[in-house]
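Structure first, commentary second.
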Amino acid sequence: MSTKRTQSKKAPKKPNSAFSVVDGGVSPGEQHAVSREIEDAATMAISPVELSTTPLQFSPVNAITSVFFDETNKQVFVVQEGSPMLVVCSMRQEKNEKIRLSRGPVISVKYSLDYRILAIQRTSRTVVFVNHGKGLDPAEYSQSCKSKSSSQLLGFVWTSATHLVFITNVGLEFYQVSPEKRHLKLLKSYSLSVNWFVYSHEQKVLLLSSSLQANILQPYLFKESSIVRYAKFEADLPVVYNQLSQKLLERDVYLAPIYGRLYCMIVKNNPKSASGQRAEITLLRLTREQATTKAILVLNMNGRFAINTVNNLILVHHQASKTTMVYDLKWGTVKRDGTYLEGNPIEVLRPIVSPFSIAPAKSTRKPVSKTAEATGLVDDVVVEYEAYSASWIVFQPDIVIDAKLGLLWNLDLTLESFVKKIPDKNKVLDFLLRRQDAKETILNLLLAAIVPETQSDLGTISRMFDQINYVYAQSVSLGSQTTGLISPSVRGGAVGDVSSFRGASGNPNGTSLSSPNPARHAVIINQNDMYTSVFLLLEDTPIKYQFMVAVLIEYIRSLSQLNVPVEHFLYELVINQLVRHNRYYQLHQFLQYHVVNDSKHVACLLLSLESTYPPAFQLALDMLKRLLTANEEIVDVLVSKNQLLLALRFLRNLGPEAVATVPPRRFLEAAYNTHDASLFYIVYKFFEQRNITLRKRPEFRKGEDVERYVAHFNKMFLSNHGVV
């Protein structure tokens with residue numbers, strides 16, 4: 001397996017393995033330990049990292065076929081010797097095409113970010129441009145290096161749709177391209193000796209290597225038509241390398257945004273001759289002012305390594321042992337002796353799970369047998385390919401290419417496998433909260449913690465609720481603009497920041513070294529998610545109702561402590577559980593001590609329980625009264641129960657405005673239907689007095705639709721001589 005840093009570079013016809021063993025690679029003892037761990041991991045069935053099931057297919061490299069890959073647009077370009085056709089294979093199917101080129105050598109080829117301009121490096125000093133946009137002149141135009149004639153063009157990268165930078169061995173040249181004028185304008189240039197370069201398209205940062213040992217690194221940030229030069233820094237080399245004959249190699253340097261911050265990752269191999277030390281990876285956080293060492297990844301083996309970054313995780317592949325190690329910068333930090341270390345400015349990290357092997361890749365391809373073609377048997381066949389092949393080439397953030405086979409894969413995380421490999425439920429939940437697309441896995445984890453078959457203790461479940469609700473509370477209060485989320489400590493183990501930043505698969509148009517929105521991709525588990533995907537499903541399980549009620553109360557407690565308003569359907573679940581098991585006394589206590597908060601929905605539910613638990617009616621009325629916003633509902637309840645005098649007394653206590661706005665028809669109708677003449681008389685006189693107060697007259701207005709009840713009153717209580 002080899003790694004390639006240049007964004008578009010010819011794939012070698014016989015790739016040199018970046019995983020070939022250096023100075024003995026892993027020792028027999030280490031190899032045995034790794035093999036034992038892999039055997040243990042085999043029992044887990046699913047690998048935590050898998051190759052995509054539908055790889056991008058292209059013509060494999062051979063004696064007459066050259067293959068180029070553009071990391072920016074994720075495109076493969078295939079050129080065959082003697083053919084004028086350039087075949088473009090893209091991860092976006094609509095971008096697949098064939099282009100006829102003028103004859104000549106091809107050293108590198110890339111589309112602009114808007115696919116309107118195709119750039120082809122023809123010589124060691126010249127790039128040719130061909131317009132492909134509508135209304136643009138397709139005639140070729142070219143640009144040669146402006147620097148001295150002895151300079152060599154190491155490569156070029158597009159930084160925007162109309163800007164690109166040439167990297168030469170004597171510096172960089174930043175150009176603006178005008179496809180309409182078929183012309184390039186030099187905007188800025190810097191002079192320095194350059195050995196090689198690394199570019200991060202996600203963050204628009206270019207890293208140049210200089211000095212005899214190639215370990216002086218100079219970052220540049222590109223913002224549209226401007227360049228910002230950041231502080232250069234020196235990469236530490238192993239002591240054994242501190243000779244002029246040894247250099248920092250391009251294949252050992254990676255740029256990747258992790259949790260919204262750009263890191264430079266440097267692989268440091270320590271051969272056996274260096275006091276038995278093993279390789280490690282140094283992570284430096286790049287800012288405008290400086291490069292700061294933030295973490296060291298312990299590898300416990302030597303050899304050549306390749307690195308991918310997926311979903312803010314660092315994947316380190318080692319071909320000699322055919323294993324992959326996973327690191328999380330927000331995992332609990334440890335010392336070299338394995339004990340936890342808090343507050344150390346340089347975190348020493350070990351893999352979060354035991355090293356494992358990526359399963360062999362499977363792909364559907366057409367058979368190449370002439371016999372099959374002759375007999376018409378040309379159905380697709382499933383072919384299995386070896387993982388960790390020596391012809392693997394790794395690109396950021398998550399791409400693996402086998403140029404010999406003509407296949408490009410993405411690396412995918414299998415989050416369910418991490419759940420199986422990390423036994424601590426609180427730690428694995430904290431891990432999942434930092435992963436994109438982890439909601440379903442988190443909900444399944446929470447459900448598994450509660451169901452009888454895999455039930456955890458209530459303390460663990462309570463801490464899990466605190467973890468998910470902390471993130472939820474931040475989203476409720478601050479929305480997507482939340483910054484600086486720090487998760488509550490998990491008792492019994494260190495838990496890192498639950499915030500999730502735009503990571504290696506982030507916005508390709510981002511232009512800063514760090515993202516100001518760390519919570520943008522944190523997984524949010526809201527109350528509706530818990531209700532539909534966890535709590536409702538528990539009703540079909542043999543869970544004890546006491547435990548179910550305790551779990552619900554813990555979830556409500558967690559929300560309340562974080563000042564998140566509790567949805568009424570959660571209280572309804574608690575009440576229904578208690579009623580179903582005739583625990584009315586406990587329900588009364590929950591209401592009395594406000595374990596169940598007041599709400600109109602809960603009050604209505606209590607009213608519906610009156611037939612089985614008569615005190616529920618008064619409990620509901622008391623709750624509505626405490627709300628101070630449910631006066632209309634209280635009146636409606638009293639009227640529906642024919643407690644008209646109590647309803648009128650309640651209205652009078654509310655004041656003249658409440659009496660003035662209430663419609664008399666409903667009261668008169670209810671009194672009429674009781675067939676109680678005295679009650680009807682009292683109600684009628686109440687509203688007649690109201691009319692006098694409001695309009696100085698006892699008559700009702702025509703719009704109040706009470707003529708029937710006025711006639712009834714006159715018939716029953718008025719005679720030829722006056723009021724009876």
Side-chain angles (χ1 to χ4, degrees), residues 1 3 19 26 30 33-34 37-38 40-52 254 256-259 263 265 267 278-283 294-301 303 305-334 338 347-359 387-388 392 394 396-400 409-424 427-438 441-442 445 493-498 500-501 503-505:
M1 182 188 231
T3 59
F19 279 157
V26 284
E30 290 171 338
V34 171
E37 289 175 332
I38 295 172
D40 294 339
T43 62
M44 295 296 186
I46 302 176
S47 171
V49 178
E50 294 183 335
L51 297 169
S52 55
Y254 299 79
I258 304 172
Y259 292 114
Y263 287 89
M265 297 180 282
V267 180
R278 292 306 181 206
E280 60 187 26
I281 298 175
T282 301
L283 270 72
K294 288 297 182 181
I296 294 174
L297 310 185
V298 178
L299 300 176
N300 288 326
M301 59 184 73
F305 300 87
I307 298 175
N308 287 111
T309 52
V310 182
N311 211 340
N312 290 318
L313 295 176
I314 303 170
L315 311 183
V316 181
H317 313 290
H318 185 249
Q319 195 270 343
S321 61
K322 296 187 182 299
T323 59
T324 295
M325 294 164 281
V326 180
Y327 297 84
D328 184 358
L329 293 187
K330 294 188 179 296
W331 194 257
T333 58
V334 294
E347 300 175 353
V348 180
L349 301 179
R350 300 184 187 277
I352 63 174
V353 297
S354 299
F356 57 87
S357 292
I358 298 174
Y388 304 94
W392 271 18
V394 171
Q396 294 303 310
D398 60 351
I399 290 175
V400 174
W409 295 277
N410 292 102
L411 290 174
D412 299 322
L413 296 182
T414 308
L415 296 177
E416 293 78 6
S417 182
F418 285 99
V419 173
K420 294 178 181 178
K421 288 176 172 288
I422 304 173
D424 188 317
K427 293 193 73 172
V428 74
L429 176 57
D430 189 67
F431 167 83
L432 292 173
L433 285 168
R434 298 191 292 268
R435 308 280 82 81
Q436 298 178 37
D437 304 319
T441 306
I442 291 175
L445 176 67
V495 176
D497 189 339
V498 299
S500 178
F501 299 78
S505 58

Can you tell me how far [atom2] of [Y] sits from [atom1] of [X], rounded to the nearest 0.5 angstrom?
X	Y	atom1	atom2	result
Q319	W392	CD	CH2	9.5 Å
R434	L429	CZ	CG	10.0 Å
N311	R435	CG	CZ	5.5 Å
L297	L299	CG	CG	6.5 Å
T324	I358	OG1	CD1	3.5 Å

Just wondering, do [Y] and [X] contact through their side chains at under 4.5 Å, heavy atoms?
X	Y	result
E280	V298	no
K330	D430	no
V326	L413	no
I307	V394	no
V49	V310	no
L313	W331	no

Dump the intermediate steps for side chain to side chain contact (heavy atoms under 4.5 Å, CB included) on T309 and L315, then the final yes or no. CA-CA 6 Å; T309 52; L315 311 183; over 6 Å; no

In chain order, what residues pass the side-chain contact (heavy atoms from CB on, under 4.5 Å) check against [X], with sequence neighbours excluded?
X	answer
D437	none
A295	L283, L329, E347, L349
T414	I46, E50, E416, S417

If the test is side chain to side chain contact (heavy atoms under 4.5 Å, CB included), which one of I352, L415, V419 qualifies with V428? V419

Using every non-hydrogen atom in the two residues, find where [X] and [Y] come nearest and quote the distance to one decimal.
X	Y	result
W409	S52	CD1-O, 3.3 Å
A256	M265	CB-CE, 3.7 Å
F356	S47	CD1-OG, 3.4 Å
A387	K322	O-NZ, 4.0 Å

Say whether N308 and Y254, considering side chains only, have a donor N or O and an acceptor N or O under 3.5 Å apart. no

For Y388 and T323, does a side-chain donor sit closer than 3.5 Å to a side-chain acceptor? no

Taking it one step at a time, do N312 and D328 satisfy side chain to side chain contact (heavy atoms under 4.5 Å, CB included)? CA-CA 7 Å; N312 290 318; D328 184 358; 5.9 Å; no

Which residues pass the ring-ring contact (aromatic ring centres under 6.0 Å, His included) test with F418, sequence neighbours left out? F431

Give a yes/no verdict on a cation-pi contact between K294 and Y263, requiring under 6.0 Å between NZ or CZ and the six-membered ring centre and an angle within 45° of the axis. no

For I281 and M325, run side chain to side chain contact (heavy atoms under 4.5 Å, CB included): C-alpha distance rounded to whole Å, both residues' side-chain angles, the deciding distance at 0.1 Å, then the answer. CA-CA 12 Å; I281 298 175; M325 294 164 281; over 6 Å; no

